[in-house]
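First the structure, in the form of structure tokens, and then the observations on it.
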Amino acid sequence: MLLELTLYIAYLLHVVLISISHVCAPPCYFLFNIDIDYCIAGVRVGRTVWHSKVGKTSLIMSLVSEEFPDDVPLRAEEITIPADVTPERVPTHIVDYSEAEQSDEQLYQEISKANVICIVYSVNNKKSIEKVTSHWIPLINDRTDKDSRVPLILVGNKSDLVEHSSMETILPIMNQYSDIETCVECSAKNLKNISELFYYAQKAVLHPTGPLYCPEEKEMKPSCIKSLTRIFKVSDLDNDGILNDKELNFFQRTCFNMPLAPQALEDVKNVVRKNIMDGVEDNGLTLKGFLFLHTLFIQRGRHETTWTVLRRFGYDDDLELHQEYLFPLLKIPADCTTELNHNAYLFLQSVFDKHDKDRDCALSPDEVKDLFKVFPYMPWGPDVNNTVCTNDQGWITYQGYLSQWTLTTYLDVQRCLEYLGYLGYSIICEQESQAAAITVTRNKRIDLQKKQTQRSVFRCNILGARGSGKTSFLQAFLGRNLLKQRKIREDHKSFYSINTTYVYGQEKYLLVRLCISLPVSCFLPEEDLACDVVCLVYDVNNPRSFEYCAKVYKQYFMDSKTPCMMIASKSDLHEARQHYSLTPLDFCRKNKLHPPQPWTCNTVDAPNKDLYTKLTTMAMYPHAKLCCMCTCNRCTFCICQNILRSQLLTNIKAKFYSVVLNRLHDVGAYLLVDEECSLIQQVHAISNVEQSIYMESSVQPYGPQARHMAQADLKSSTFWLRASVGATVFAVLGFAMYRAILKQR
């Protein structure tokens with residue numbers, strides 16, 4: 001029995017029970033001191049006794065032993081309830097306080113640490129009731145902050161000595177002081193309502209009324225309305241302003257782990273219909289009806305229902321989204337990046353569809369504001385429209401919307417987690433936290449060692465002298481020519497642009513960052529050097545522009561493994577001779593770089609994006625020396641060329657020629673005429689294939705040698721030559737078919 005009582009007391013959180021006695025049986029109060037950190041942690045109960053025997057210590061003794069004690073000590077021993085035996089995982093400490101043994105200063109310390117205070121009076125003593133308002137409530141208010149008043153519970157003890165109730169006297173006091181949560185009459189002698197006393201104390205801490213409801217105005221507080229409005233909008237999956245039966249059941253299951261029966265749903269709607277207009281529309285619950293239901297719960301003393309909903313959606317006792325909800329733990333090792341996974345993109349797609357009311361695959365300014373109504377602030381500024389793709393009206397497109405989320409995840413994953421928390425990702429997707437939406441890529445050094453990567457987002461830094469066209473190159477990635485770029489306001493410009501590119505049929509994101517032009521003598525910041533590919537831009541019309549790019553490359557990137565590309569910007573203008581020891585082409589040849597790529601955005605249509613595809617390819621395969629004639633990296637020719645010029649096939653080619661030459665040297669002059677002609681045709685076939693894919697051959701001419709060769713060796717050589725030629729042709733045709741099928745898809 002004692003164990004059962006101990007388990008029940010564990011419900012009571014961190015309680016400090018203190019009662020103070022004065023002459024003429026003064027009232028006493030219980031302090032339930034609880035440290036709450038989103039979940040509750042820690043309860044302590046202290047109590048004080050005076051020699052007049054008003055039954056304060058008896059309440060604790062009766063609660064623990066379930067019987068009225070014959071001998072009541074001046075001070076009860078401390079009782080500790082471990083957290084592992086409590087349903088709420090809350091450690092509980094019950095500490096008795098005695099005025100005879102402890103000072104008033106110790107009492108004041110306990111008051112300052114309390115989360116709920118139970119003021120105990122004797123129901124058969126009117127003076128003790130008067131002391132509630134004349135002494136104890138003013139004393140408690142003086143010892144607590146005005147902005148964080150502690151909830152109070154009035155406890156009428158010794159109800160067994162009277163036949164009448166003291167509620168008529170207490171009700172005016174409760175109406176006068178909004179801090180009073182409730183009133184309980186109990187008796188330590190016959191164990192009446194002792195358990196209820198601790199239950200209401202627990203309820204006052206776990207589910208306080210103060211943050212939710214204003215008793216004077218008899219309506220919910222603005223902070224509570226704001227929080228519930230966000231919950232309604234998150235739960236309104238189709239954004240029609242109504243919670244239909246499916247959405248209500250999802251909401252019920254999310255908050256209370258069980259759906260509502262069809263009849264229960266109708267009963268709820270009928271209650272709303274009878275009490276408020278416009279609470280139910282199209283057989284669904286409106287925001288007005290949703291708020292009315294929670295007001296009704298609070299007024300009927302069921303505010304734990306509202307608190308359950310609020311805490312499920314991440315709110316703390318101050319009705320602020322908890323930090324652990326917004327910023328879940330996510331470990332990111334060094335040299336790793338963060339990306340959104342497939343489930344996160346599906347969620348963001350559903351959010352986009354939810355707010356794209358006109359179905360034009362773009363978000364208008366009003367639709368963007370509606371999307372971010374669940375945020376406490378507007379997260380996207382006007383620079384976002386110059387960071388991602390927009391339509392002709394300047395509205396963010398679907399692709400631009402996903403690109404902006406990808407950019408945020410890559411640059412500031414904590415902010416992305418915060419944004420996903422506001423949108424209710426963990427609630428809607430039924431995940432433990434927003435961290436489930438993030439993929440942490442492996443270390444870049446491992447990618448270089450294995451010569452392959454699973455990343456989907458790559459970063460390109462643009463470096464160049466002032467006025468070389470870096471900003472134009474940044475905006476051209478979004479499909480904007482020079483005429484459109486001139487319309488961008490100076491304060492709306494962005495240092496980033498992000499868009500999708502296709503590398504060998506795979507969709508990848510390329511994030512382009514504009515680096516501020518600093519003197520070469522100054523050290524570039526680490527942010528300018530940390531990237532997957534570098535784009536060095538110079539102005540062909542400015543004779544001093546290339547020198548900056550050359551010096552930056554030699555100082556920072558010559559010995560690094562970061563691939564670099566030279567961009568000859570403003571190629572539509574006259575090309576001036578660069579004031580440098582080497583021409584741009586010779587410089588690139590000397591440093592084994594790609595030739596300078598001519599580029600301009602002074603076009604009628606959108607600028608060509610082939611260079612951005614090539615930059616993405618270089619970022620994906622920094623170990624490969626890719627060289628494409630048409631720079632598209634999409635056609636069959638480019639794919640075959642890049643693969644055949646890779647290091648692996650180069651080694652295979654060298655070994656293959658070595659074997660062929662050794663065989664051919666053994667043929668000699670004694671070959672049969674028809675077999676000799678067949679071999680010559682096969683050798684010419686190999687040369688033709690070699691020329692078609694621009695492979696360099698290191699085959700040296702050989703002269704005839706008069707050696708005897710067995711007929712079996714000759715047939716073996718012929719077979720392997722034919723097999724090799726057939727395999728080469730088959731590979732080329734296979735790649736062509738693959739590209740044709742991919743384009744149809």
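For clarity, every value in this text was computed on a predicted model and none was experimentally measured.
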Step-by-step side-chain hydrogen bond (donor to acceptor under 3.5 Å, both in side chains) determination, Thr337 to Thr441: CA-CA 5 Å; Thr337 60; Thr441 63; 2.7 Å; yes
Output every pair passing salt bridge (charged side-chain N to carboxylate O under 4.0 Å, His left out) with a member in residues 593-602, not counting sequence neighbours, ordered by first then second residue. none
Counting only heavy atoms from other residues, nucleotides and ligands, does the tally under 6.0 Å from CD1 of Ile516 exceed 12? no
What pairs with Phe495 under ring-ring contact (aromatic ring centres under 6.0 Å, His included), at least two apart in sequence or on another chain? none
Measure the CG-SG distance between Leu474 and Cys515 for me, rounded to the nearest 0.5 Å. 10.0 Å
Checking Asn461 side chain against Asp528 main chain: does a donor-acceptor pair fall under 3.5 Å? yes
Can you name the residues that form a ring-ring contact (aromatic ring centres under 6.0 Å, His included) with Trp599, not counting sequence neighbours? Phe473
Using modelled atom types and a 3.5 Å cut-off, is there a donor and acceptor pairing between side-chain atoms of Asn499 and backbone atoms of Leu478? no
Over 12 non-hydrogen atoms of neighbours within 6.0 angstrom of CG in Asp358: yes
Less than 4.5 Å apart, any side-chain heavy atom of Phe352 and any of Ser350? no
Shortest non-hydrogen contact from Pro525 to Leu518? CD-CD1, 3.9 Å
Stepwise side-chain hydrogen bond (donor to acceptor under 3.5 Å, both in side chains) check, Asn386 with Arg480: CA-CA 10 Å; Asn386 298 313; Arg480 298 170 183 171; 3.1 Å; yes
Stepwise side chain to side chain contact (heavy atoms under 4.5 Å, CB included) test for Val534 and Ser560: CA-CA 11 Å; Val534 176; Ser560 71; over 6 Å; no
Say you draw a straight line from NE2 of His594 to CG of Leu615; how long is it, rounded to the nearest 0.5 Å? 9.5 Å
If the plane angle is over 60° it's perpendicular, under 30° parallel, otherwise tilted; pick one for Tyr398 and Tyr401. parallel
Tell me every residue that passes ring-ring contact (aromatic ring centres under 6.0 Å, His included) with Phe557, counting only those two or more places apart in sequence or in another chain. none
Side-chain contact test, heavy atoms from C-beta onward, threshold under 4.5 Å: evaluate it for Leu524 versus Tyr556 and give yes or no. yes
Quick one: does Asn341's side chain have a donor or acceptor within less than 3.5 Å of a partner on Ala436's backbone? yes
Run the side chain to side chain contact (heavy atoms under 4.5 Å, CB included) test on Thr439 and Gln454 for me, step by step, so that the C-alpha distance in whole Å, both residues' side-chain angles and the decisive distance to 0.1 Å come before the verdict. CA-CA 11 Å; Thr439 296; Gln454 298 176 346; over 6 Å; no
Donor-acceptor contact present, side-chain Asn343 to main-chain Ala437, <3.5 Å: no
Donor-acceptor contact below 3.5 Å, side chain Ser497 vs main chain Gln475: no
Do you know the tightest heavy-atom contact between Leu510 and Cys460? CD1-CB, 3.9 Å
Looking at Trp405 and Thr409, what are the two nearest heavy atoms and their distance? O-OG1, 2.8 Å
Donor-acceptor contact present, side-chain Ser569 to main-chain Ser468, <3.5 Å: yes
Chi angles and distances behind the side-chain hydrogen bond (donor to acceptor under 3.5 Å, both in side chains) call for Gln404, Thr387: CA-CA 8 Å; Gln404 178 62 26; Thr387 304; 4.9 Å; no
From CZ (Arg455) to NZ (Lys508), nearest 0.5 Å: 10.0 Å
For Tyr425, check ring-ring contact (aromatic ring centres under 6.0 Å, His included) against everything at least two apart and list the hits. Phe347
Kindly determine whether Ile498 and Tyr410 satisfy side chain to side chain contact (heavy atoms under 4.5 Å, CB included), including the steps that lead there. CA-CA 11 Å; Ile498 183 171; Tyr410 186 92; over 6 Å; no
Residue among Val413, Leu411, Asp412 satisfying side-chain contact (heavy atoms from CB on, under 4.5 Å) with Arg415: Asp412
Given side chains that start at C-beta, do those of Thr406 and Tyr345 come closer than 4.5 Å, heavy atoms only? yes
Would you compute the distance between atom OG1 of Thr600 and atom CG of Asn481 and round it to the nearest 0.5 angstrom? 10.0 Å
Treating Lys470 as the side-chain partner and Ala465 as the backbone partner, does any N or O pair qualify as donor plus acceptor under 3.5 Å? yes
So do Asn591 and Cys564 actually touch side chain to side chain, heavy atoms under 4.5 Å? no
Would you mind reporting whether Cys389 and Thr500 have side-chain heavy atoms less than 4.5 Å apart? no
With side chain to side chain contact (heavy atoms under 4.5 Å, CB included) as the criterion, how do Leu423 and Phe375 come out once you've worked through the C-alpha distance, each side chain's angles and the decisive distance to 0.1 Å? CA-CA 8 Å; Leu423 292 174; Phe375 284 59; 3.6 Å; yes
Looking at every non-hydrogen atom in both residues, tell me the closest pair between Leu611 and Pro598 and how far apart they are. CD1-O, 4.3 Å
Atom pairs and distances, donor-acceptor, side-chain atoms in residues 581-590, under 3.5 Å, two or more places apart:
| residue | atom | partner | partner atom | Å |
| --- | --- | --- | --- | --- |
| Thr583 | OG1 | Asp586 | N | 3.2 |
| Thr583 | OG1 | Asp586 | OD2 | 3.0 |

Mark yes or no for whether Gln452, through its side chain, and Tyr621, through its backbone, hold a donor-acceptor pair below 3.5 Å. no
Scan Arg513, Lys444, Arg459 and name whichever one has a salt bridge (charged side-chain N to carboxylate O under 4.0 Å, His left out) with Asp532. Lys444
Partner of Tyr580 under ring pair (Phe, Tyr, Trp, His ring centres under 6.0 Å), picked from Tyr538, Tyr553, Phe546, is Phe546
Report the C-alpha separation of Thr617 and Tyr504 in whole Å, then their side-chain angles, then the decisive distance to 0.1 Å, and conclude whether the side-chain hydrogen bond (donor to acceptor under 3.5 Å, both in side chains) test is met. CA-CA 9 Å; Thr617 307; Tyr504 304 146; 5.5 Å; no
Report yes if some heavy atom in the side chain of Tyr422 is under 4.5 Å from a heavy atom in the side chain of Leu326; otherwise report no. yes
How many angstroms lie between atom CG of Asp539 and atom OG of Ser571, to the nearest 0.5 angstrom? 10.5 Å
What's the spacing between Ile567 CD1 and Ile462 CD1 if we round to 0.5 Å? 9.0 Å
So do Phe458 and Thr501 actually touch side chain to side chain, heavy atoms under 4.5 Å? no
Around atom CG of Asp491, are there more than 12 heavy atoms of other residues, nucleotides or ligands at under 6.0 Å? yes
For Cys336 and Val440, work out which heavy atoms get closest and say how close. CB-CG1, 4.0 Å
Using the side chain to side chain donor-acceptor pair (under 3.5 Å) definition, which of the options Arg486, Lys570, Gln485 pairs with Ser472? Gln485
